Amino acid sequence: MTLMALRNRSRDRWTPLENEGELLTFRQMEAYGRRFARAGRGAWYSFAIEVVWQFLVLFSRFRVRGAHHIPASGGVLVASNHLSFADPTTLTAFCLAAGRVPRYLAKSSLWDLPVVGSVMRSGQHIPVYRGAPTAAGAYRDAVKAVEAGECVTIFPEATFSADPGGWPMKGKTGVARIALETGVPVVPVANWGTHHLLPAGAWFLHGIPRKTVELVAGPPVDLSDLRNGAPTREVLEEATARIMRAVTDLLAGIRGEEPPGDRP
């Protein structure tokens, strides 16, 4: 192999230390996918990951930072902002490349769909029965999952941001409640660019030209002073506000601008 070929090959590799923060090339996107955790994914979840990742390689370019903040083992909650139906796919890739297989809380109706239901069961995701008494069961299942050492990913806003500028809205208290009960770390993640890749209401990816997707994780949110007392409404709202503030700060860093004054 010639010296030039070796140099080109080295530029096409992706390693966390050498390439963090770079806009990944097509070949580096492929190399990023080869880093994905595979154990514990289940057959259908694994199949969906591999298929969807090929579309992301074709139609997007990632810039990733901070994945080292996601612990390599043990229970963890990953909290992200929410802008698009593409968010679970990009966040899944980010967690997989960090060595973790993410489990999602998702609306229970997905379990009734052909193929999708098989993916949800295979991935050991957690159904949420909105408006029903069994909603408490989703909370208990999430607690059990993180106590068993799983990586549970949550969009605290529970819906796409309605903010005109795309900034995070006020979060629901579920992630804070789980964190305070279990003591597991909450790692904030900002996910930006998915709303260009798959805008709200769109049925197909808008991937020509390829869209830039940026994902940044920060250090775990400090909730240590809130874990000693009872999880009152005030405590839960303060913990949630800290989580959403951390996500918003990461997003501000990506965008290079300050969030509005009434941020969460």
Side-chain angles (χ1 to χ4, degrees), residues 33 35-56 67 70-160 171-179 181-182 184-189 191 194 198 213 215 217 243 247:
R35 294 179 51 85
F36 288 176
R38 284 171 168 76
R41 298 196 317 197
W44 279 99
Y45 190 26
S46 185
F47 175 76
I49 287 168
E50 296 303 329
V51 170
V52 172
W53 178 244
Q54 297 311 310
F55 283 99
L56 290 176
I70 300 176
S73 62
V76 61
L77 293 161
V78 174
S80 173
N81 61 313
H82 201 10
L83 292 168
S84 164
F85 282 123
D87 292 336
T89 64
T90 57
L91 185 59
T92 294
F94 186 68
C95 291
L96 289 170
R100 303 303 301 267
V101 177
R103 318 295 183 188
Y104 286 88
L105 274 75
K107 58 184 180 181
S108 59
S109 58
L110 294 177
W111 273 253
D112 298 326
L113 297 177
V115 181
V116 175
S118 297
V119 172
M120 302 308 289
R121 284 185 286 273
S122 172
Q124 302 175 45
H125 301 299
I126 302 165
V128 178
Y129 300 85
R130 292 180 178 175
T134 46
Y139 166 73
R140 299 310 317 171
D141 289 344
V143 168
K144 290 178 182 177
V146 294
E147 287 181 337
E150 297 283 3
C151 171
V152 174
T153 48
I154 298 178
F155 298 107
E157 297 162 276
T159 186
F160 298 159
K172 307 293 185 183
T173 60
V175 62
R177 189 182 297 273
I178 297 167
E181 177 169 337
T182 62
V184 303
V186 181
V187 175
V189 172
N191 195 354
T194 52
L198 186 64
V213 174
L215 295 116
I243 293 166
V247 172

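If you're wondering where the values come from, they're calculated on a predicted model, not measured in any experiment.
Taking each heavy atom of Pro156 and Ala79 in turn, the nearest pair found is CG-CB, 3.9 Å. Taking each heavy atom of Leu91 and Ser80 in turn, the nearest pair found is CD2-CB, 3.8 Å. Shortest non-hydrogen contact noted between Ser84 and Pro88 is O-CD, 4.0 Å. Closest non-hydrogen pair, Val187 versus Pro71, comes out as CG2-CD, 4.3 Å. Looking at every heavy atom in both residues, Ile178 comes nearest to Ala142 through CD1-CB, 3.6 Å. Taking both residues in full, the closest heavy atoms of Gly33 and Trp53 are given as CA-NE1, 3.4 Å, listed atom of the first, atom of the second, then distance.
Scored by the side chain to side chain contact (heavy atoms under 4.5 Å, CB included) test, Leu113 finds Leu110, Val116 as partners (sequence neighbours excluded). For Val115, the side chain to side chain contact (heavy atoms under 4.5 Å, CB included) partners two or more places apart in sequence, or in a different chain, are Trp44. With sequence neighbours excluded, the residues forming a side chain to side chain contact (heavy atoms under 4.5 Å, CB included) with Glu181 are Tyr139, Arg140, Val143, listed by chain and number. Here Phe85 pairs with Phe160, Leu198 under the side chain to side chain contact (heavy atoms under 4.5 Å, CB included) rule; sequence neighbours left out. Not a single salt bridge (Lys or Arg N to Asp or Glu O under 4.0 Å) links Arg177 to another residue, sequence neighbours left out. Contacts of Ser46 classified as side-chain hydrogen bond (donor to acceptor under 3.5 Å, both in side chains), with partners at least two apart in sequence or in another chain: Arg41.
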Which donor-acceptor pairs under 3.5 Å do the side chains of residues 146-154 make with protein atoms, sequence neighbours left out?
unit_1	atom_1	unit_2	atom_2	d
Glu150	OE1	Arg103	NE	3.1
Thr153	OG1	Arg103	O	3.2

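Atom CG of Leu96 sits about 8.5 Å away from atom CZ of Arg38, to the nearest 0.5 Å. Atom OH of residue Tyr45 and atom CD of residue Gln124 lie 10.0 Å apart, to the nearest 0.5 angstrom.
Every pair passing side chain to side chain donor-acceptor pair (under 3.5 Å) that includes a residue from residues 87-101 is listed here, sequence neighbours excluded: His82-Asp87, Asp87-Thr194, Thr90-Asn191, Thr92-Tyr104.
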